[in-house]
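Below is one structure; the comments refer to it alone.
Chain letters run A, B, ... following the sequence lines, proteins first, then strands; residues in each count from 1.
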Amino acid sequence: MRATRWASTLALISLLAPFALQAAEQTPNSEALPVWESGIATLDLGTDRRFPIAYAVTPLGTLFSLHAVLANLGGELKLGPMNQAHELTIGNVTYIFGPDSQSLTEGTEIYPLSQRPTVAEDGVKVPLDLLETVYGEQLGYEFQWDQAGRTLTVRKMPAREIGVEVDLVHLQGVTTVVLQFPTRPRYRIKNIPGQVSVELIGDRLRPGSGRGIPDDNLVNDVLQTTQGIRLVLAPEAEAHDYLLQNPFRLVFDVYRSTQSTGPNLATPTPPTRTNRIRTIVIDPGHGGTNTGARGSEGVEEKELTLLLARALRSRLEERLPVSVVLTRSEDVDLPLDTRTAIANQQKADLFISLHLNSVQDPGARGAETYFLSLQATDEGAARAAAVENRADPAPQAEGDSLYDLQLILWDLAQSQYLAESQRLASLVQEELNEALHLRNRGVKQAPFRVLLGAAMPAVLVECGFLSNPEEEARLLESQYRAELVNALVRAVIRFRAQIEGTPLSLDKENP
Amino acid sequence: MSRRQALIAAAAILVSVVAIIIGWRTGQDRLGTTDIQKTESSEQEIVAGQTMVVELFFPGPRGRLFAEEREIPVQGDLLKQLELILGELLAGPETEDLFPALPPEVTVDWLHLNPAGIFYVDLEFSGDVPLPAWGSRQEMLAVYSIVNTVLTSTPEISSVVLLRNGQQRPTFAGHLDTSRPLLANRQLVARR
């Protein structure tokens, strides 16, 4: 009888085992990737200091025992509620991570990880990038994993001497200080009343590589030492910092603390909509070394877009009580994200990027107006794919992972204005077709980078094809360009009337 | 133990063995689907005599993309199949009024397909080939000639990531955002 019971129990367990395994795989912990290899490696701290460290290799990289690192490099680990969130504290900085999240957080900073940490009976294992972030940023350590020799080498990072370029611009009550580095430094920012400091960790600033800052009513001084840079702020001024990539820049917007909110270029917060069109930002496409398309007569897109933008600014300011800002008023290189950032900083109500087209077929002609496509119709799928992209071992985007997060926030900015952007695009296209008797190439959507982060209705206008000799010749005529500009002005007037609910008054001769 | 009890015990053990085997095989299958490296290590295997017809998208009149059908040998491996398709695309069109999607110096340097169906294409622009001064339409035609060709020919692929010289760039050539996976663009396609 006992044997029967034993056999029946075994059968029941066996029958349920596959289902139990599947159920277990659906829990966060057992969703972990398969472990291709595990064991004990060597933690090499130099000068004959070698310690054992448990490791596990998964398809996304290698995980290492956090306890072994803690014991030898320092730090304090606290298990959070339900063992889900762990706090790793080094000095006075606390990082939070957990087995359910593929990211590490510190304050408001979020660092995506190559894979999730794991928690098992033998302790917490974490990916190498977590160790590099935490111990690199706080203690200046760098890690090198030798898979063949099963050795994790840890060394103090050699001090690098890094140059920095300091730039300052003051626009409409906000001073923007940009610290541009040739490579991403290891640093921490201290923001206290009256000053904000960038302290380098393990790196040194090249003496004299920056320059003093001129007189400004919000930033009293910029002090540079080999250890870092300090901005001395005017009384009641405060600073908001963010990053820009390619090249790496630390940006500080300094403004009076009596202002309700500080501007934010990198993660635009949509301005409160007032149903008024007061500020328009016009972006002349390309510039500097980025010539854009070239016509058969040698005319360059960057020259024509600047001519059109200047004329459009004049006409808009003549016709409407608006302030018009150009992203560039000279022949200079300007990154795409900076163009959008300028529109956000200006709290613009409209953003119009001007371009001229080209294709191989010289017969292609006409104007076309674009608003942003968040990659076709399934934005959720695209975002899921972007997340998948980060988890994949394929090469990452230029810059670091924080850049991806900025992109996601960048997406959200324009997504709220797609309907208005479409309406503006339709009006622009209608006016261009009617005024210039152009072939109607219609309103279109495309994932144009310059539209992505705009926190206002935004369109990109391709005013004609430089690759079409006839259209190129017309674009070189000032009269034709004036007609083009008038068409754009009429579109803006109509859009403004729709938004503000004001009577529409258009004069074809004097729009 | 009675004879009846012995039979029950034997049946239970038999069921156990079958269940364990099923469970083990299920586990093997599940591990197989996460084998990321597998896609890059398969060997070329030409299925003798078999061909397939694919649609290659090339820039053409009025700044639109046009499909050109091409018969190519069937490969036993998906990545090899895609390499062949992209090779045909980069070789240029056979139809008279269509144009090459990319300059002739551009080559495919590296391909990767991840388990989520995201296909990575790294295009090599050799050092002395500057990016052409393209208008946005020409950039769209170049990018979507690749994306549309890949997604039309290979239903296993959900989206395409374009890299240039080993790096995923904010834009491909100054206009289009290529910092994330791309889906097909049907607006650009014209039918004859």
Side-chain angles (χ1 to χ4, degrees), chain A residues 1 3-4 6-8 10-11 13-15 17-18 21-22 25 33-34 59 246 286 290-294 300-301 336-337 355-361 363-364 375-376 378 381-382 385-386 388-389 392-398 404 407 444-450 452 460 462 465-467, chain B residues 1 5-6 8-13 15-20 22-23 26-27 30-31 34-37 59-63 97 99-100 112 114 116 118 120 122 133-138 140-141 158-159 161 163 166-171 174-185 187:
Chain A
M1 190 66 188
T4 309
W6 175 84
S8 302
L10 178 62
I13 291 170
S14 305
L15 276 172
L21 275 173
Q22 285 182 16
E25 283 174 6
L33 295 159
N246 307 318
H286 305 278
N290 177 2
T291 61
R294 276 201 190 90
E300 292 178 337
E301 182 181 359
L336 294 176
D337 289 351
H355 287 255
L356 293 148
N357 226 332
S358 78
V359 285
Q360 295 102 320
D361 173 22
Q375 244 312 294
D378 191 349
E388 179 60 36
N389 180 15
D392 195 76
Q396 295 292 299
E398 273 182 309
D404 294 341
L407 282 177
K444 296 185 171 70
Q445 277 185 280
F448 283 130
R449 176 85 186 185
V450 76
L452 204 58
L460 184 148
E462 292 284 0
F465 280 82
L466 282 179
S467 50
Chain B
M1 185 188 294
Q5 286 169 339
I8 291 171
I13 289 168
V15 169
S16 307
V17 170
V18 171
I20 288 168
I22 290 171
T26 305
R30 292 172 72 86
L31 285 180
T34 58
D35 186 354
I36 289 169
Q37 291 186 328
R62 307 185 309 281
D97 61 347
F99 302 94
H112 173 74
N114 82 5
I118 301 174
Y120 293 80
D122 182 12
W134 280 343
S136 66
R137 175 51 70 109
Q138 193 161 347
M140 288 175 75
L141 293 174
S158 59
S159 56
V161 172
L163 297 91
Q167 284 192 310
Q168 196 177 346
R169 316 266 174 172
T171 68
H175 301 91
L176 277 185
D177 179 57
T178 49
S179 64
R180 66 204 67 210
L182 294 161
L183 307 178
N185 184 328
Q187 272 186 339

To the nearest 0.5 Å, what is the distance between [atom1] on [X] and [atom2] on [Y]?
X	Y	atom1	atom2	result
B:Trp134	A:Gln360	CH2	CD	8.0 Å
B:Asn185	A:Lys444	CG	NZ	10.0 Å
A:Ser467	B:Gln138	OG	CD	7.5 Å

Legend entry - B:Leu141 portion near chain A, given a 4.5 angstrom heavy-atom threshold: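 For B:Leu141, the contact with chain A is made by the side chain alone.
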Legend entry - Proximity breakdown for B:Pro61 and chain A, heavy-atom pairs closer than 4.5 Å: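 The answer is both parts of B:Pro61.
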Inset, instruction - Return the option, out of A:Val359, A:Leu460, A:Val450, with the maximum number of heavy-atom pairs under 4.5 Å with chain B. - result: A:Val359
Inset, instruction - For the pair B:Gln187 (side chain) and A:Ala446 (backbone), establish whether a donor and an acceptor sit closer than 3.5 Å, ignoring hydrogens and angles. - result: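 Absent.
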Legend entry - Sequence-distant partners of B:Ser136, side-chain contact (heavy atoms from CB on, under 4.5 Å), two or more places apart: A:Asn357, A:Phe448, A:Glu462, B:His175
Inset, instruction - Locate the shortest heavy-atom distance separating A:Ala364 from B:Gly63; write the atom from each residue and the value. - result: CB-N, 4.0 Å
Inset, instruction - Of all the heavy-atom pairs spanning B:Arg62 and A:Asp361, show the shortest one and how long it is. - result: N-OD2, 2.7 Å
Inset, instruction - Kindly indicate, with the supporting measurements, whether the criterion side-chain contact (heavy atoms from CB on, under 4.5 Å) is fulfilled by A:Arg449 and B:Arg169. - result: CA-CA 11 Å; A:Arg449 176 85 186 185; B:Arg169 316 266 174 172; over 6 Å; no
